[in-house]
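The structure under discussion appears below in the form of structure tokens.
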Amino acid sequence: MNQLKVDLSNIYTQVAKEEVFALKTKIAQNQLLLEQGTGKGSDFLGWLNLPSSITKEQLYDIQHTASELRAKSDVVVIVGIGGSYLGAKAAIDSLSSSFTQLTEDVLPKIIFAGNSICEDYHAELLELLETKRYSIVVISKSGTTTEPAITFRVLKQHLERQVGKTEAASRIVAITDLSKGALRKLADSEGYRTFVIPDDVGGRFSVLTPVGLLPIAIAGIDIVKLVEGARKAMDDTSSSVAFDQNPACIYAAARNALYQKGKKVEILVNFTPRLHYLTEWWKQLFGESEGKEGKGIFPAGVDFTTDLHSMGQYIQEGERMLFETVLSVEKPSHRLVVPDDPDNLDQLNFLSGKRFSEVNLMAQMGTIAAHSDGGVPCISISIPELSPYWVGYLFYFFERACALSGYTLGVNPFDQPGVEAYKRNMFALLGKPGYEADGRKLREKLGL
Ligand code: PA5
């Protein structure tokens with residue numbers, strides 16, 4: 001049947017089924033906290049009903065802007081960091097050919113920037129853009145995040161030099177708060193096209209707002225189908241669906257039961273390179289939502305079978321504080337068969353006629369069996385195929401599971417107070433007005 005499946009059969013060597021199901025009542029209470037808006041961080045529950053509240057007109061507006069940018073650009077640079085980039089990157093990578101960047105006739109190319117402060121990366125980007133027809137989408141909820149802000153300053157000046165201020169303004173779209181933040185002021189004063197990130201949607205839960213949907217639409221992906229998938233996930237994970245039929249409840253319960261058994265690191269595993277950035281998005285979602293108050297499962301990620309040749313040894317025999325969640329795709333998008341070779345010099349004829357996907361599936365099944373025998377329990381999650389619908393479904397499913405899991409852990413899943421610590425130090429060291437005293441102390445401490 002066409003559905004997302006969660007299989008816990010490979011965790012019961014480490015945790016009893018009764019221990020997972022013992023969390024049923026707690027999870028049901030948490031479902032109500034979410035739906036009634038009475039839990040911690042309830043000011044940030046805007047994501048909960050996004051799939052059903054987004055209107056056809058809003059989707060059309062996003063698609064229309066995407067078409068305009070596509071028509072006037074060979075490259076679109078998406079400027080943002082954290083929740084303001086990972087969802088779009090995850091969807092675009094999951095749903096595009098692995099070789100899109102090398103395929104000349106696929107335009108526009110989508111490039112992400114402002115997700116680091118690396119001088120070389122951004123200098124190389126400017127060199128590349130020198131000869132390109134390009135547009136910019138700048139995304140920042142707060143409108144004050146340093147990485148995208150300085151990148152945008154550089155790119156804006158570059159584009160204005162290249163095509164003039166008026167044309168540059170028509171090629172820049174800003175996605176930010178309705179009224180607050182430096183980016184809002186700048187966008188209004190320059191007359192940029194803007195989209196709003198709702199106040200009650202936190203960065204890492206914003207992929208189903210224009211933050212994710214505009215870049216995804218620019219990449220030529222069907223955002224209507226993506227939202228349709230998310231809407232189905234919303235129905236399938238609501239409090240009206242019984243615990244044992246509800247994939248978000250089961251996943252949230254299983255990972256909390258494992259955490260209570262000392263499994264403090266969860267590794268999201270894929271066997272499909274296109275899912276690499278979905279893992280990165282998932283890491284931010286769970287890491288920022290749960291890692292606080294000295295608690296939380298550490299979210300890690302691996303790409304298999306690639307990383308079986310680098311991380312496989314540790315997972316099989318290292319410290320036993322790990323569990324895995326294997327995210328698999330049942331149906332590949334292409335067909336590739338291992339050919340027969342009459343000489344069989346490579347001794348691979350036992351695989352002749354088999355599809356790569358069958359070999360990959362056997363690798364997956366063998367890995368899960370080996371790891372669970374080795375003391376690493378494994379939750380399996382599968383989707384039928386990599387399509388906009390199923391990627392949309394996955395986004396909402398993980399968001400819902402994350403919120404339930406955070407509440408089960410006893411934290412506020414919607415804040416991220418710890419993210420500020422490095423920023424305070426960086427501003428102090430860079431001499432930002434208002435940070436002078438901190439700067440003196442820190443310089444002394446660091447011997448600068
Ligand atoms: O989840 C979050 O809220 C953060 O990780 C943000 O997404 C990230 O810091 C970027 O913030 P902003 O969109 O305000 O630039």
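Looking at Arg231, its side chain does come within 3.5 Å of a backbone N or O of Pro51 through a donor-acceptor pair. Panel note: side chain Ser352, backbone Asn349; a donor-acceptor pair is recorded below 3.5 Å. Ser52 places a side-chain N or O within donor-acceptor distance of the main-chain N or O of Asn49, the cut-off being under 3.5 Å. Checking side-chain atoms of Asn246 against main-chain N and O of Thr237 turns up a donor-acceptor pair under 3.5 Å. Side chain of Lys263 to main chain of Arg320: a donor-acceptor pair is present (N/O by atom type, distance under 3.5 Å, no hydrogens or angles). For Asp222 (side chain) and Lys225 (main-chain N/O), a donor-acceptor pair under 3.5 Å exists by modelled atom type.
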Phe323/Ile297 under side chain to side chain contact (heavy atoms under 4.5 Å, CB included): CA gap, chis, key distance, verdict: CA-CA 10 Å; Phe323 71 96; Ile297 297 168; 4.1 Å; yes
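A salt bridge links Lys292 to Asp415: one of the charged nitrogens lies within less than 4.0 Å of a carboxylate oxygen. A salt bridge is absent between Lys423 and Glu147; no separation between the charged side-chain nitrogens and carboxylate oxygens falls under 4.0 Å. Salt-bridge annotation for Lys295 and Glu290: absent, with no side-chain N of the basic residue lying under 4.0 Å from a carboxylate O of the acidic one. Salt-bridge annotation for Glu19 and Lys261: present, with a side-chain N of the basic residue lying under 4.0 Å from a carboxylate O of the acidic one. Between Arg274 and Asp303, none of the side-chain N atoms (NZ, or NE/NH1/NH2) sits under 4.0 Å from a carboxylate O, so this pair counts as no salt bridge. Using a 4.0 Å cut-off between charged nitrogen and carboxylate oxygen, Arg193 and Glu68 do not count as a salt-bridge pair.
Note: Leu155 CG to Tyr134 OH = 5.5 Å, rounded to the nearest 0.5 Å. In this structure, Asn30 CG and Ser239 OG are separated by 12.0 Å, a value rounded to the nearest 0.5 Å. One distance of note links CG of Leu386 with CG of Asp93; it measures 11.0 Å at 0.5 Å rounding.
A pairwise comparison of heavy atoms in Tyr407 and Lys40 identifies OH-O, 2.6 Å as the closest pair. In terms of heavy-atom proximity, Ala217 sits nearest to Ile62 at CB-CG2, 4.3 Å. Closest non-hydrogen pair, Lys141 versus Asp199, comes out as NZ-O, 3.1 Å.
Taking the ring axis of Phe298 as reference, the NZ or CZ atom of Lys264 does not stay both within 45° of it and closer than 6.0 Å to the ring centre. Arg400 forms no cation-pi arrangement with Tyr396, by the criterion of a distance under 6.0 Å to the ring centre and an angle within 45° of the ring axis.
For the salt bridge (Lys or Arg N to Asp or Glu O under 4.0 Å) condition, the pairs that include at least one residue of residues 349-366, sequence neighbours left out, are Lys354-Glu358.
Side-chain contact annotation: Asn360 with Thr305, donor-acceptor N/O pair under 3.5 Å absent.
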